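To start, the structure itself, in structure tokens.
Everything numeric in this text was worked out from a predicted model, so none of it was measured. Atom set for the values below is all heavy atoms of this structure, side chains included, hydrogens, waters and symmetry mates excluded.
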Amino acid sequence: MTARERVAKLIKVWPRVYPDAHTELTFKTPLELLIATILSAQCTDKRVNMVTPALFKKYRSAKDYAAAPTTEIENAIKSTGFFRSKTKSIKGATSTIAEKFGGKVPDSMEELRELPGVGRKTANVVLGNAFGKNEGIVVDTHVIRLSQRLGLTKQKDPEKIEQDLMKLVPQKYWAVWSHWLIWHGRRRCFARKPDCANCEVFKLCPSGKVFLRTGVARRPED
């Protein structure tokens, strides 16, 4: 089975397995999603969702974040880790939004990448989930792991993995594809001990057969 054939079969299976797959970051506006996504780096969505309610209540606009004292934001997000660099990204991005984009989060990849601290992954999250635009595929640790295990890429660099996936997955599925893989990574295909015995897509996974035979979670070509 080729990688393209495997993707075609997975697209039929994933909706039955995870019909409600969506981002697990809580947000109401594009700005809230942008902030939550920045905070989610090296942090669980659960922890981010514990921090953001108070943050979103206190800061309602990009200008509010931009004008807030640095230490104030740092203290508010400290539990998400890397709070100094995240505060720098939040302040930089919101300042640019307020000054250059009229206070509104831009809705194109090119403009989002102009925001300090916003890389392609964050831009893809915002575009796909706040604006419903499929301009790319979010590649996080779960997507990296599952893409390799499913034999869809041999790359290790996130942007190269994204390019491989964009060639295989029809564009209309780009946003939800990430959700399917992330949900499966969190619920079944764990990093150290994947639950291959109960995996809903085991028949489509070349790595699953390797794991059950050897007990080692690795790609079939390793």
Side-chain angles (χ1 to χ4, degrees), residues 21-43 45 48-49 51-52 55-70 72-74 76-77 80 82-144 147 155 157-179 181-182:
H22 60 275
T23 179
E24 293 183 273
L25 291 171
T26 301
F27 73 99
K28 293 181 180 178
T29 68
L31 178 62
E32 289 185 354
L33 180 57
L34 175 63
I35 300 300
T37 305
I38 291 173
L39 294 179
S40 70
Q42 303 296 313
C43 181
D45 288 356
V48 173
N49 290 337
V51 170
T52 52
L55 201 66
F56 294 163
K57 185 177 181 179
K58 187 169 186 177
Y59 309 109
R60 300 301 183 96
S61 68
K63 189 175 180 179
D64 290 340
Y65 285 99
T70 297
E72 187 175 282
I73 295 180
E74 286 180 348
I77 69 171
T80 68
F82 302 97
F83 61 92
R84 290 191 178 88
S85 62
K86 290 179 181 180
T87 297
K88 182 179 180 180
S89 295
I90 289 172
K91 295 275 287 181
T94 54
S95 293
T96 302
I97 291 170
E99 296 169 6
K100 186 173 182 178
F101 297 105
K104 294 184 178 180
V105 176
D107 62 354
S108 72
M109 176 64 71
E110 182 180 359
E111 291 179 325
L112 280 168
R113 292 296 300 273
E114 291 183 37
L115 305 179
V118 174
R120 186 171 176 86
K121 174 188 169 186
T122 297
N124 277 330
V125 172
V126 174
L127 288 170
N129 297 282
F131 296 110
K133 293 188 174 185
N134 288 302
E135 292 195 26
I137 295 176
V138 174
V139 177
D140 74 345
T141 55
H142 299 292
V143 176
I144 291 173
S147 296
Q155 301 292 339
D157 177 76
E159 292 202 12
K160 291 181 180 179
I161 290 173
E162 182 186 8
Q163 293 303 312
D164 282 350
L165 293 177
M166 288 168 68
K167 294 174 185 176
L168 296 171
V169 180
Q171 186 172 0
K172 66 178 181 179
Y173 296 109
W174 284 357
V176 72
W177 179 266
S178 297
H179 297 322
L181 266 62
I182 291 169

Which residue pairs satisfy the salt bridge (charged side-chain N to carboxylate O under 4.0 Å, His left out) criterion with at least one member in residues 98-114, sequence neighbours excluded? Lys100-Glu114, Asp107-Lys133

State which residues pass side chain to side chain donor-acceptor pair (under 3.5 Å) with Tyr59; sequence neighbours excluded, sorted by chain then number. Glu72

Would you compute the distance between atom CG of Asn129 and atom OG1 of Thr23 and round it to the nearest 0.5 angstrom? 5.0 Å

Nearest 0.5 Å, please: how far is CD in Glu135 from CG in Asn124? 8.0 Å

Closest contact, heavy atoms only, Arg60 versus Leu31: O-CD2, 4.1 Å

Which heavy-atom pair separates Pro116 from Thr96 by the least distance, and what is that distance? CD-OG1, 3.3 Å

Are Leu181 and His142 close enough that some pair of their side-chain heavy atoms sits under 4.5 Å apart? no

Dump the intermediate steps for side chain to side chain contact (heavy atoms under 4.5 Å, CB included) on Val138 and Val143, then the final yes or no. CA-CA 8 Å; Val138 174; Val143 176; 5.6 Å; no

Any side-chain heavy-atom pair of Lys91 and Lys88 under 4.5 Å: no

Can you pull the salt bridge (charged side-chain N to carboxylate O under 4.0 Å, His left out) pairs that have at least one residue in residues 117-129, sequence neighbours excluded? Arg120-Glu162

Between Ile144 and Pro158, which heavy-atom pair has the shortest distance, and what is it? CD1-CG, 4.1 Å

Side chains of Thr122 and Leu115: does their closest heavy-atom pair fall under 4.5 Å? no

Quick one: pull up CD1 in Ile38 and OG in Ser85 and give me the separation to the nearest 0.5 Å. 10.0 Å

By salt bridge (Lys or Arg N to Asp or Glu O under 4.0 Å), Asp164 pairs with (sequence neighbours left out) none

Looking at Pro106 and Phe131, what are the two nearest heavy atoms and their distance? O-CE1, 3.5 Å

At their closest point, which heavy atom of Asn134 faces which heavy atom of Ala175, and how far apart are they? OD1-N, 2.9 Å

Which value, rounded to the nearest 0.5 Å, describes the distance between Thr87 atom OG1 and Arg84 atom CZ? 9.0 Å

Note, Thr37 side chain near Val118 side chain (heavy atom, < 4.5 Å): no

Is there a side-chain contact between Ile35 and Thr94, using heavy atoms and a 4.5 Å cut-off? yes

Side chains of Tyr65 and Ile97 in contact at under 4.5 Å (non-hydrogen atoms): no

Can you name the side chain to side chain donor-acceptor pair (under 3.5 Å) partners of Asp45, sequence neighbours left out? Arg186

Partner set under side-chain contact (heavy atoms from CB on, under 4.5 Å) for Ala36, not counting sequence neighbours: Leu25, Val48, Thr52, Phe56

